[in-house]
Amino acid sequence: MKPIQPIKKRWYHYLWIWSVFYFAMGFFNIIFAWLGLISFFLPFVFVIGFGTKDFCNKYCDRGQLLRVIGGQAGFSTGKLMPSWLRSSWFRYGFLTFFMSMFGQMLYTTYLVSAGTKELSEAVTLFWSIRVPWEWAYTAGSVEPWQAQFAFGLYSLMLTSAIIGILLMLLYKPRSWCAVCPMGTMTQVICKVRNNNE
């Protein structure tokens, strides 16, 4: 029996470093959270521009981070997720919930920009647990609405990262990818493109 050959490392296997950098910088200066928009827009650039899910499959920094922690470091059980977690109704339901939270974040940012709401210097985990984060923002460094957006986006990114890590610990390393809202949206776009073509 031939020994299993190790997978040749590609440059994109090191994109997990971007995830670590992002969360570290947001811990010290919340304005860096704006960089999270890169992770929001790149999947759409790939699927609309090239008609592929290559971003999700290869270039997603979170997917690479989960692969490193769960696969290479061995923190994943390697078990298959329950079928209900992989079902279409759960994925679309989670996407709807996630987008409603994103919409709420944008609305809060609008209220702060309009002066009808005070800036909240906190990160909200799991959409309900407020964690003080005031050390990461210096008043007056940017407009209050810009800081509010940063706090909101960092909250979404950190919450989804924690969910991804929990799924990785319980199941296969990249189990998060099965429920990722960005992955679900890009899959829908791919299907529409393929049907039209």
Side-chain angles (χ1 to χ4, degrees), residues 4-47 49-50 52-82 85-86 90-91 94-95 97-99 101-102 105 123-127 129 131 133 135-136 149-187 189-190:
I4 298 174
Q5 296 295 321
I7 298 174
K8 184 179 178 181
K9 285 290 184 81
R10 305 287 184 182
W11 64 267
Y12 51 80
H13 289 144
Y14 299 95
L15 287 174
W16 60 269
I17 296 171
W18 174 254
S19 271
V20 174
F21 173 81
Y22 175 79
F23 289 114
M25 294 306 294
F27 182 84
F28 293 106
N29 187 336
I30 197 63
I31 304 308
F32 279 98
W34 277 80
L35 294 174
L37 290 177
I38 295 172
S39 298
F40 271 79
F41 290 122
L42 273 181
F44 294 110
V45 170
F46 273 80
V47 74
F50 307 107
T52 70
K53 281 178 60 74
D54 277 353
F55 180 84
C56 294
N57 297 332
K58 294 181 181 179
Y59 309 119
C60 176
D61 54 286
R62 178 168 302 167
Q64 294 297 344
L65 179 65
L66 295 172
R67 177 189 60 79
V68 168
I69 298 174
Q72 290 182 209
F75 284 97
S76 171
T77 63
K79 296 179 180 178
L80 189 65
M81 289 172 65
L85 273 176
R86 292 178 280 121
F90 181 85
R91 292 172 59 220
F94 185 66
L95 170 62
F97 175 75
F98 185 88
M99 293 309 296
M101 292 299 102
F102 187 76
M105 180 196 81
V123 167
T124 306
L125 298 177
F126 297 100
W127 303 281
I129 305 170
V131 180
W133 216 265
W135 68 82
F149 182 85
F151 278 112
L153 185 58
Y154 195 80
S155 298
L156 282 178
M157 297 293 280
L158 186 56
T159 294
S160 57
I162 292 172
I163 294 173
I165 290 172
L166 291 174
L167 289 173
M168 176 270 297
L169 292 172
L170 293 171
Y171 308 111
K172 290 186 175 183
R174 294 189 60 167
S175 292
W176 163 256
C177 301
V179 297
C180 173
M182 305 308 293
T184 301
M185 284 191 283
T186 53
Q187 185 176 43
I189 295 171
C190 272

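The CG atom of Leu42 sits 9.5 Å away from the CE atom of Met182 when rounded to the nearest 0.5 Å. The line from CG of Leu15 to NZ of Lys58 is 12.0 Å long, rounded to the nearest 0.5 Å. Taken to the nearest 0.5 Å, the CD1 atom of Ile30 stands 11.5 Å off from the CZ atom of Phe149. Interatomic distance, CD1 of Ile189 versus OG1 of Thr52, reported as 11.5 Å (0.5 Å rounding).
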Got a list of side-chain donor-acceptor pairs under 3.5 Å for residues 150-167, not counting sequence neighbours?
from: Tyr154; atom 1: OH; to: Phe23; atom 2: O; distance (Å): 2.6
from: Ser155; atom 1: OG; to: Thr124; atom 2: N; distance (Å): 2.9
from: Ser155; atom 1: OG; to: Phe151; atom 2: O; distance (Å): 2.7
from: Thr159; atom 1: OG1; to: Phe126; atom 2: N; distance (Å): 3.0
from: Thr159; atom 1: OG1; to: Ser155; atom 2: O; distance (Å): 2.8
from: Ser160; atom 1: OG; to: Arg62; atom 2: NH1; distance (Å): 2.7
from: Ser160; atom 1: OG; to: Arg62; atom 2: NH2; distance (Å): 3.3
from: Ser160; atom 1: OG; to: Leu156; atom 2: O; distance (Å): 2.9
from: Ser160; atom 1: OG; to: Met157; atom 2: O; distance (Å): 3.0

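Aromatic ring pairs are classed by plane angle as parallel below 30°, tilted from 30° to 60° and perpendicular above 60°; the pair Phe32 and Phe21 is perpendicular. Below 30°, between 30° and 60°, or above 60°: for Phe55 and Phe46 the angle between ring planes is between 30° and 60°, a tilted geometry. The aromatic rings of Phe94 and Phe90 lie parallel to each other, their planes meeting at an angle below 30°, with 60° marking the opposite boundary.
Taking all atoms of both residues into account, the shortest heavy-atom contact from Ala136 to Gly26 is CB-O, 3.9 Å. Closest heavy-atom contact between Gly183 and Cys56: CA-SG, 4.0 Å. The nearest pair of heavy atoms linking Phe40 to Phe44 is O-CD1, 3.1 Å. When all heavy atoms are compared, the tightest approach of Pro181 to Phe98 is CG-CG, 3.5 Å.
For residues 162-187, every residue pair satisfying the side chain to side chain donor-acceptor pair (under 3.5 Å) rule, not counting sequence neighbours, is listed here: Lys53-Thr186, Arg91-Gln187. Note on residues 26-36: no pairs pass side chain to side chain donor-acceptor pair (under 3.5 Å), not counting sequence neighbours. Pairs passing the side chain to side chain donor-acceptor pair (under 3.5 Å) check and including a residue from residues 68-80, sequence neighbours excluded, read Arg67-Gln72.
Side-chain contact between Met99 and Met185: present, with at least one pair of heavy atoms (C-beta onward) separated by less than 4.5 Å. Residues Ile38 and Trp18 meet the side-chain proximity criterion, which asks for heavy atoms closer than 4.5 Å.
Applying the ring-ring contact (aromatic ring centres under 6.0 Å, His included) rule to Trp16 yields no partners; only residues at least two apart in sequence or on another chain are considered. A search for ring-ring contact (aromatic ring centres under 6.0 Å, His included) contacts involving Tyr14 returns nothing, not counting sequence neighbours.
Under the 3.5 Å distance criterion, the side-chain polar atoms of Arg86 are left unmatched by any main-chain donor or acceptor of Ala178.
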